[in-house]
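Have a look at the structure below before the remarks.
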Amino acid sequence: MASSPTGLDQPQRGQPCPCGSGKLFDACCEPLLTRQRPAATAEELMRSRFTAHVARDDRYLHETYAPTAKLPYVEETGETPVRWTKLVVHSHELGKQPDTAFVEFSAYYTEEGHEGVLEEKSEFHRIDGRWIFTRPVRQGPAPVKAAVKVGRNDPCPCGSGKKHKQCCLGKA
C-alpha cells in the first residue's frame with residue numbers, strides 16, 4: 001500500500017531546493033527569499049514563489065504579486081492545510097514585449113490526505129528591473145493541439161514532392 005506524500009520539508013541550507021531546479025537551496029531560492037538579490041528571470045521568480053509556499057513565507061508571496069506588492073503586508077494567522085510536494089516547470093517564454101514573460105507549470109500538493117495538482121500558465125512583468133507575478137493566464141492543462149489534416153491534393157508530408165493521394169495516403 002503506497003502512502004500519500006506529506007509535503008516538502010522547510011527549505012534548509014545544503015539541501016536540494018524545493019523548487020526542483022536541482023540546485024542546493026542556498027545557491028537557488030534562498031538569496032531571493034532573503035532579499036539578497038532579485039530574480040533574474042520570470043522562471044526563477046516562479047520557482048522562488050513555489051519555495052516560499054513550501055517555507056510559508058507569506059511576506060515574500062505578498063511582495064512578488066502585482067495586486068498586493070504595493071500594499072502594506074498584514075500577517076495572517078492560521079495554518080493552511082495545503083502541503084506542496086513538487087514543482088514541474090514545463091515552459092518559460094518571453095512575451096511580445098521584452099519585460100513580459102510566461103511560465104507554464106504544474107505544482108503538486110496534498111490537502112487533508114488528498115493529492116492534487118495546480119496546472120497553470122502565469123504572466124510575469126519586469127517592473128523597475130524586478131520580475132513580478134501579475135496573473136494566471138490559464139488554469140488547467142494546456143489545450144491539446146489537433147494534428148493538421150493533410151488533404152488528398154496537398155503535398156505529401158513525407159517530403160517526397162508528390163501529392164499526398166499519390167504517395168502516403170494509400171499506405172495509411
Side-chain angles (χ1 to χ4, degrees), residues 1-11 15-23 25 28-30 32-33 38-71 73-151 157:
M1 182 170 148
S3 62
S4 69
T6 58
L8 294 167
D9 293 327
Q10 283 284 330
Q15 297 292 318
C17 192
C19 77
S21 67
K23 300 176 186 175
F25 173 63
C28 189
C29 290
E30 184 186 39
L32 282 70
L33 297 180
T41 66
E43 180 181 346
E44 192 174 47
L45 179 64
M46 174 64 236
R47 289 182 179 282
S48 70
R49 285 181 52 81
F50 177 83
T51 300
H53 278 289
V54 172
R56 293 182 166 71
D57 186 345
D58 294 333
R59 180 180 294 273
Y60 183 79
L61 295 168
H62 176 90
E63 292 171 358
T64 58
Y65 181 46
T68 60
K70 294 188 181 199
L71 300 173
Y73 174 71
V74 177
E75 190 168 342
E76 295 181 26
T77 58
E79 185 79 12
T80 176
V82 174
R83 300 271 302 162
W84 298 97
T85 58
K86 179 173 78 169
L87 175 69
V88 177
V89 175
H90 303 293
S91 68
H92 172 231
E93 55 196 49
L94 293 177
K96 293 179 182 178
Q97 304 297 322
D99 290 332
T100 302
F102 300 91
V103 177
E104 190 167 341
F105 66 93
S106 297
Y108 297 84
Y109 63 91
T110 61
E111 183 175 20
E112 298 176 356
H114 300 287
E115 295 180 47
V117 62
L118 169 67
E119 296 176 298
E120 185 173 294
K121 182 174 185 177
S122 296
E123 180 182 64
F124 296 81
H125 287 194
R126 187 171 34 210
I127 301 170
D128 298 327
R130 293 183 175 269
W131 285 102
I132 192 159
F133 167 54
T134 54
R135 67 187 178 104
V137 175
R138 183 195 72 248
Q139 291 185 329
V144 176
K145 295 180 181 176
V148 176
K149 185 171 178 163
V150 181

Nearest-0.5 Å distance, CZ of residue R83 to OG1 of residue T110: 7.0 Å

Candidate pair F25 and E30, rule side-chain contact (heavy atoms from CB on, under 4.5 Å), full reasoning: CA-CA 6 Å; F25 173 63; E30 184 186 39; 3.5 Å; yes

Check: T41 side chain, E44 main-chain N or O, donor-acceptor pair, under 3.5 Å: yes

Parallel, tilted or perpendicular: ring planes of F124 versus F133, cut at 30 and 60 degrees: tilted

Closest non-hydrogen atom pair between V88 and Y108, with its separation: CG2-CE1, 4.0 Å

Rounded distance [0.5 Å steps], NE2 in H125 versus CZ in R135: 7.0 Å

Between CG on residue L94 and CZ on residue F102, distance to nearest 0.5 Å: 10.0 Å

Closest approach of F105 to S122 (non-hydrogen atoms, all atoms of both residues): CE2-OG, 3.4 Å

Sub-4.5 Å side-chain heavy-atom contact between C28 and C19: yes

Parallel, tilted or perpendicular: rings of W84 and F50 (30°, 60°): perpendicular

Minimum heavy-atom distance R126-P98, with the two atoms named: NH2-O, 3.2 Å

For S21, side-chain hydrogen bond (donor to acceptor under 3.5 Å, both in side chains) partners two or more places apart: none

Over all atoms of both residues, closest heavy-atom pair of P38 and L32: C-CG, 4.3 Å

Pairwise salt bridge (Lys or Arg N to Asp or Glu O under 4.0 Å) hits with a residue in residues 56-67, at least two apart: R35-D57, R35-E63, R56-E79

Enclosure of Q10 CD (heavy-atom neighbours >12, cutoff 6.0 Å): yes

Closest non-hydrogen atom pair between V117 and Y109, with its separation: N-CE2, 3.5 Å

Exam field: side chain R49 to backbone L61, donor-acceptor pair closer than 3.5 Å: yes

Side chain to side chain donor-acceptor pair (under 3.5 Å) partner of E104, the single match among H92, K121, R138: R138

Set of residues satisfying side-chain hydrogen bond (donor to acceptor under 3.5 Å, both in side chains) with respect to S48, sequence neighbours excluded: Y60

Spacing of CG belonging to L118 relative to NE2 belonging to H53, to within rounding of 0.5 Å: 8.5 Å

Interatomic spacing from CE in M46 to OG1 in T51 - rounded to 0.5 Å: 9.0 Å

Atom pair CG (L45) and CD1 (I132), whose distance is rounded to the nearest 0.5 Å: 8.0 Å

